[in-house]
Amino acid sequence: SLLTLQSTSEKDIISKEKGEGKAAGASETVLYKIDVPANRYDLLCLEGLVRGLQVFKERINLPRYEKIIPAKGEGQKLIITEETVKIRPYAVAAVLRNITFTKERYDSFIDLQEKLHQNICRRRALVAIGTHDLDTISGPFTFTAKVPSEIKFKPLNQSQEYTASQIMDLYRTDSHLRHYLHLIENKPRYPVIFDSSGVVLSMPPIINGDHSKISLKTRNVFIECTGTDMTKAKIVLDIIVAMFSEYCEKQFTVEAVEVIYPNGKTHIYPELAYRKEKVKPELINKKLGISETPSSLAKLLTRMCLSSHITGNGNNIEIEIPPTRADVIHACDIVEDAAIAYGYNNIQMVIPKTYTIANQLPLNKLTELLRLDLAAAGFTEALTFALCSTEDIADKLGMDISATNAVHIANPKTAEFQVARTTLLPGLLKTIAANRKMPLPLKLFEISDVVVKDLTKDVGARNYRHLCAIYYNKSPGFEIIHGLLDRVMQLLEVPPNEENGYTIKATEGSAFFPGRCAEIFARGQSVGKLGVLHPDVITKFELTMPCSALEINIEPFV
Amino acid sequence: MSPSVAELLLQRLERTPTGPEGGLCSLEAAAALGLDHQTLVGAVKSLQALGEVIEAETRATTRWELSAEGEEVLRDGSPEVRLFCSVPSEGLPQSDAMKLPGAQVGFSKAMANKWLRLDKGAPGGPRIFRAVGAVQDAVQSSLRQVQEGNGDSLSERERTDLKRRKLLLEVTLKSYWIRKGSAFSTAVARQETDLTPEMIATGSWRKLPFKAYNFSALGLPPACGHLHPLLKVRSQLRQIFLEMGFTEMPTDNFVESSFWNFDALFQPQQHPARDQHDTFFLQDPAEAPELPAGYMARVKKVHSQGGYGSQGYKYEWKVEEARKNLLRTHTTSASARALYHLARQGKFTPVKYFSIDRVFRNESLDATHLAEFHQVEGVVADRGLTLGHLMGILHQFFTKLGISKLRFKPAYNPYTEPSMEIFSYHEGLKKWVEVGNSGVFRPELLLPMGLPESVSVIAWGLSLERPTMIKYGINNIRELVGHRVNLQMVYDNPLCRLDA
């Protein structure tokens with residue numbers, strides 16, 4: 001997606017951020033802001049971005065990445081032992097020969113690894129990358145897992161050796177590495193890669209050894225990617241070697257490494273696989289709403305790093321997907337690249353002829369109608385959070401949390417998100433507490449969903465649409481809330497009678513003042529409660545005035 | 001009922017000529033009516049409040065009045081005259097003369113006037129004698145002139161002298177010069193504050209004057225309830241979808257399985273959105289009891305091995321991951337359910353669907369992000385839909401929202417391909433701002449559901465909060481959503497007219 005909406009200059013940016021005066025002397029060269037989509041790993045470094053732009057501008061052809069397989073017995077080997085299976089079972093590797101680093105290239109090389117770690121590698125959980133000066137180590141290499149006390153080496157940029165356990169302690173406070181410790185910390189064995197003489201290359205996914213670290217002088221780089229996701233390990237290796245083989249003596253070539261699995265099978269990496277797809281030109285035109293010739297479409301795709309040519313008598317485009325474009329997994333991905341190259345904003349807008357009759361959900365339709373009439377009855381609509389603390393729906397209402405049947409969140413960052421609400425009342429009380437400066441009386445309502453566990457539902461929980469209203473003043477105003485219930489029932493065409501209408505009957509509720517609570521029955525079914533709130537509830541919500549409230553489930557009235 | 005002071009005043013004023021020359025002085029009117037001046041001033045002020053009935057101009061009048069001592073001199077004569085008259089022809093011992101009232105002043109004045117003579121060497125002590133035969137009491141006659149209202153005819157010297165002797169006082173009076181106003185009438189005197197049923201019944205309103213209203217003051221706010229601004233925008237968006245023929249999808253489950261929220265949408269199980277940092281997973285009920293078995297097997301295959309023309313993601317797909325319950329991170333899970341339901345109908349019928357409901361993200365909170373917000377989603381499923389159709393319907397939709405300048409930018413989304421971010425030109429900010437996301441659903445999502453290969457599904461989504469905040473100029477989302485809402489803002493909120 002080499003497209004940009006805004007261009008600006010350094011001068012503009014500085015004047016916007018620091019004021020006009022500071023911008024004097026800054027460059028007026030136009031700057032383009034390029035958003036790299038999360039699945040375009042080939043655009044994460046300057047090398048790939050420039051290559052992509054050059055290909056798009058048709059200044060160069062996309063290079064063909066070549067895997068060189070050394071003569072038998074001369075290549076590097078990586079042996080994976082069985083111990084890795086339980087912790088980090090996959091590893092792939094490759095060698096970049098006769099590379100020339102400069103400060104910029106070296107920094108870009110390190111930066112790409114970090115970006116990949118954060119992105120496709122899922123913060124090293126799926127894949128961890130290690131790069132080593134091959135001339136400081138000697139193969140074959142062994143990827144195994146050992147108990148922490150048996151691993152001892154000098155970690156990257158440290159001055160002494162530590163055991164694996166000491167390394168974990170060392171990095172516990174490291175702003176960068178502490179985020180990865182949990183990936184192996186509680187495992188009995190830690191992953192580790194040795195060379196043939198026992199030198200530790202790395203302890204993935206935490207840290208490399210200092211011994212084999214690369215420098216600007218490094219000429220031969222051994223790259224290993226270990227992980228829990230084989231596909232992603234292969235993609236990561238392909239990206240790194242494709243991007244940086246540019247600086248090898250034989251440009252765009254990579255020396256393969258033989259990886260031997262515990263079952264004895266061997267694989268050659270990197271894969272650097274090219275795949276061919278065939279897409280009909282009319283499919284592209286049809287999916288996008290354009291009418292380009294096959295050759296024009298092939299050219300658009302080629303500019304997107306998808307080398308394409310027409311086959312047969314023009315009724316097929318053959319596209320070669322390079323190893324750097326792991327994001328292309330379906331013809332629709334090819335169609336999208338054609339659209340991007342064509343330019344989204346060049347596509348003719350057309351209104352679909354899809355003829356349909358609109359329908360509202362009955363529950364939402366009822367909600368919309370009731371909202372209007374509740375506001376007409378003098379009550380103001382609140383909009384409160386569906387998530388709250390257990391305290392809000394239980395303790396503060398004088399209930400035990402187990403009695404609420406609430407859905408509990410496993411990973412709340414704060415107490416505000418412990419449960420989904422089972423009642424709208426706490427939200428309205430908190431709204432009043434936040435608006436105590438407003439003139440009395442305060443009359444609020446909300447019609448929204450609450451959530452409770454329900455094992456008959458496929459997800460084990462369900463929503464109920466509740467209506468809650470509250471009256472807050474110097475006197476409790478039960479008659480006002482009661483009057484509102486009468487009005488709601490009138491609107492719902494439920495008459496006040498025992499047989500097919502509604503009645504209220506004295507009951508007790510922990511949130512209500514004794515003797516001031518009634519249960520609401522409509523057409524023989526309990527639909528909610530109303531009453532004067534208990535002084536303890538009022539106090540716990542940091543309120544000071546008497547208050548009456550009503551809460552009903554409106555679903556029986558749909 | 002006897003006429004009021006205002007009425008009496010108006011009657012007098014009626015007899016004065018109209019114009020700048022005409023009119024009367026409040027002091028004179030008060031004197032003529034036998035009223036205290038302040039009472040008359042009250043009537044003037046009440047008449048002024050009626051508007052143009054009278055014109056009253058303030059005047060400051062200086063007037064001379066006799067002091068208490070001056071009154072005494074007027075009555076009994078000046079002390080020097082009184083002393084002169086008390087001296088017999090044979091004279092009077094000075095010590096006796098000085099015992100007479102006012103003798104101190106009288107003696108010095110009479111001496112200064114050379115009316116008396118003092119013989120210090122007289123037998124029996126100093127003795128005073130008349131020096132002239134008769135005297136005129138000029139002080140008394142000056143005071144009489146003042147008393148008669150002719151104080152002005154005295155010379156400046158005389159007045160100053162009398163003032164120094166504390167016989168005369170200078171009094172400044174505030175008075176009004178009253179003229180007929182442009183709406184002069186003698187009938188406006190007693191005004192009615194408002195119409196009464198009795199006036200209507202008797203018809204008395206025809207003759208009665210009514211007090212003027214102050215139209216510059218605000219009226220009394222009606223005792224009413226108010227709808228929440230965000231939900232007013234929700235109503236309008238529902239209306240827009242309904243106008244465009246879109247049917248509402250059920251979204252009444254905040255709790256969703258990972259299967260419907262992610263797997264069904266071809267979102268791989270290792271996707272960052274499925275991370276604990278971004279999504280609220282449930283502790284109870286931790287897992288969904290029921291997943292659609294046959295469909296799930298097809299989803300598993302397309303993720304782990306590919307199929308339907310796809311390479312798939314090639315990873316080990318786990319049902320345990322799919323079972324994990326969460327709070328839905330988008331309403332696209334509801335769209336997936338609706339499309340699956342559509343696919344099971346047998347014969348395919350084109351549909352247009354929409355939903356607006358809450359979604360939940362375990363993200364860090366700031367001025368524009370909360371852990372829950374409302375997602376607006378539109379979906380069209382039909383044969384032969386193109387990217388041009390998606391852009392066309394987006395243009396229609398956003399035009400109804402009052403946004404007609406749109407641009408589209410490529411984006412990445414695991415379940416749509418092509419994917420487009422929607423930008424609109426913000427006149428206030430003078431730049432393009434993102435207003436939504438859109439795309440064509442991937443075949444890996446649609447085909448396992450059982451939808452025909454010829455069917456394309458185009459979709460878009462946006463948050464409800466963002467356009468609302470822009471619309472109403474709200475900078476902090478907490479003032480809009482949740483219990484910390486500013487109720488005054490809710491009370492004062494205008495109608496929601498998105499295209500206005």
Side-chain angles (χ1 to χ4, degrees), chain A residues 1 3 5 37-39 122 126 229 231 287-289 329-333 336 339-340 344-345 347-352 354 356 358-361 364 368 371 375 377-381 383-387 407-411 417 420 427 430-431 434-435 438 451 453 455 458-461 463, chain B residues 223-228 230 242 245-248 250 252-257 270 276 280-285 288-290 309-311 314-315 325 350 352 358 371-372 380 382 385-389 391-393 395 407-410 412 417-418 420 423 432 442-443 481-484 487 490:
Chain A
S1 317
L3 270 188
L5 272 170
N39 62 343
R122 298 292 300 114
L126 303 184
D229 184 315
T231 310
K287 290 284 179 195
L288 300 180
I329 58 173
H330 191 278
C332 67
D333 298 304
E336 182 185 64
I340 291 169
Y344 282 0
N345 296 302
I347 296 172
Q348 180 80 39
M349 296 190 196
V350 183
I351 299 166
T354 310
T356 51
N359 278 307
Q360 305 183 50
L361 278 178
N364 290 356
E368 287 289 285
R371 287 174 59 229
F379 283 70
T380 290
E381 188 171 35
L383 174 62
T384 67
F385 296 128
L387 305 185
V407 159
H408 289 254
I409 294 164
N411 55 335
F417 311 120
K430 289 198 280 185
T431 305
N435 284 278
M438 298 295 291
V451 185
K453 285 189 280 182
L455 287 174
D458 65 344
V459 293
N463 288 18
Chain B
C224 60
H226 308 264
L227 293 174
H228 191 280
L230 187 83
L242 293 171
F246 282 66
T247 284
E248 199 166 23
D252 56 346
N253 60 308
F254 294 167
V255 175
E256 188 56 279
S257 61
Q270 307 286 14
Q276 296 274 328
F280 287 114
F281 286 93
L282 294 194
Q283 181 187 70
D284 183 23
E290 197 186 318
S310 176
Q311 301 289 310
K314 298 193 177 119
Y315 69 96
N325 266 337
K352 295 202 287 241
R358 289 182 201 240
E372 52 188 281
V380 185
D382 200 354
L385 291 174
T386 69
L387 201 58
H389 283 131
M391 290 160 67
I393 204 153
H395 188 255
R407 284 181 76 177
F408 302 95
K409 189 171 99 73
Y412 169 63
E417 191 84 6
M420 301 193 299
F423 283 75
W432 292 88
R442 293 188 72 98
V481 183
H483 55 268
R484 289 188 200 94
L487 277 180
V490 177

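By convention in this document, chain letters (A, B, ...) are assigned in the order of the sequence lines, proteins followed by strands, and residues within each chain are numbered from 1.
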[Y] backbone acceptor or donor facing [X] side chain under 3.5 Å:
X        : Y        : answer
A:Thr356 : B:Gly245 : yes
A:Asp229 : B:Tyr315 : no
A:Asp458 : B:Ala288 : no
A:Asn359 : B:Glu248 : no

Below 4.5 Å, heavy-atom pairs only: which of [options] has the largest tally toward chain A?
options                                : result
B:Gln270, B:His389, B:Lys352           : B:His389
B:Asn325, B:Leu230, B:Val490           : B:Asn325
B:Glu290, B:His226, B:Arg442, B:Met391 : B:His226
B:Pro250, B:Ala223, B:Ala371           : B:Pro250
B:Met420, B:Arg484, B:Glu256           : B:Met420

So which atom in [X] and which in [Y] form the shortest heavy-atom distance, rounded to 0.1 Å?
X        : Y        : value
A:Thr354 : B:Pro350 : CG2-CB, 3.6 Å
A:Phe385 : B:His483 : CD1-ND1, 4.2 Å
B:Pro289 : A:Gly460 : CD-N, 3.5 Å
B:Leu227 : A:Ala375 : CD2-CB, 3.8 Å
A:Leu387 : B:Glu372 : N-OE2, 3.1 Å

Would you mind checking which part of [X] comes under 4.5 Å of any heavy atom in chain B, side chain (CB onward), backbone (N, CA, C, O), both or neither?
X        : answer
A:Ala38  : both
A:Gln348 : backbone
A:Asn411 : both
A:Arg122 : side chain
A:Leu126 : side chain
A:Lys453 : side chain
A:Val407 : both

Original post:
Atom CD in A:Glu381, atom NE2 in B:His228: separation rounded to 0.5 Å?
Top reply: 7.5 Å

Subject >> Euclidean distance, A:Met349 CE relative to B:Ile393 CD1, rounded to 0.5 Å >> reply: 12.5 Å

For chain B, which of [options] has the most heavy-atom pairs under 4.5 Å?
options                                : answer
A:Asp333, A:Thr384, A:Ile347           : A:Asp333
A:Ala386, A:Ala339, A:Ala461           : A:Ala386
A:Thr431, A:Asn39, A:Asn463            : A:Asn463
A:Pro352, A:Gly378, A:Ala434           : A:Pro352
A:Thr231, A:Leu361, A:Leu455, A:Ile409 : A:Leu361

**OP:** State, yes or no, whether a side-chain contact exists between A:Ile340 and B:Pro418 at a heavy-atom distance under 4.5 Å.
**Re:** no

Original post:
Can you check side chain to side chain contact (heavy atoms under 4.5 Å, CB included) on B:Val255 and A:Val451, steps first, answer last?
Top reply: CA-CA 8 Å; B:Val255 175; A:Val451 185; 3.8 Å; yes

Original post:
Which residues satisfy the salt bridge (Lys or Arg N to Asp or Glu O under 4.0 Å) test with B:Lys314, sequence neighbours excluded?
Top reply: none

Subject >> Step-by-step side chain to side chain contact (heavy atoms under 4.5 Å, CB included) determination, A:Ile351 to B:His395 >> reply: CA-CA 9 Å; A:Ile351 299 166; B:His395 188 255; over 6 Å; no

Original post:
For A:Ile329 and B:Glu417, what are the C-alpha separation, side-chain angles and deciding distance, and is it a side chain to side chain contact (heavy atoms under 4.5 Å, CB included)?
Top reply: CA-CA 11 Å; A:Ile329 58 173; B:Glu417 191 84 6; over 6 Å; no

Subject >> Which portion of B:Phe246 sits near chain A, non-hydrogen atoms under 4.5 angstrom >> reply: backbone

Subject >> Toward chain A, the part of B:Val481 with a non-hydrogen atom under 4.5 Å >> reply: both

Original post:
CD of B:Gln283: more than 12 outside heavy atoms within 6.0 angstrom?
Top reply: yes

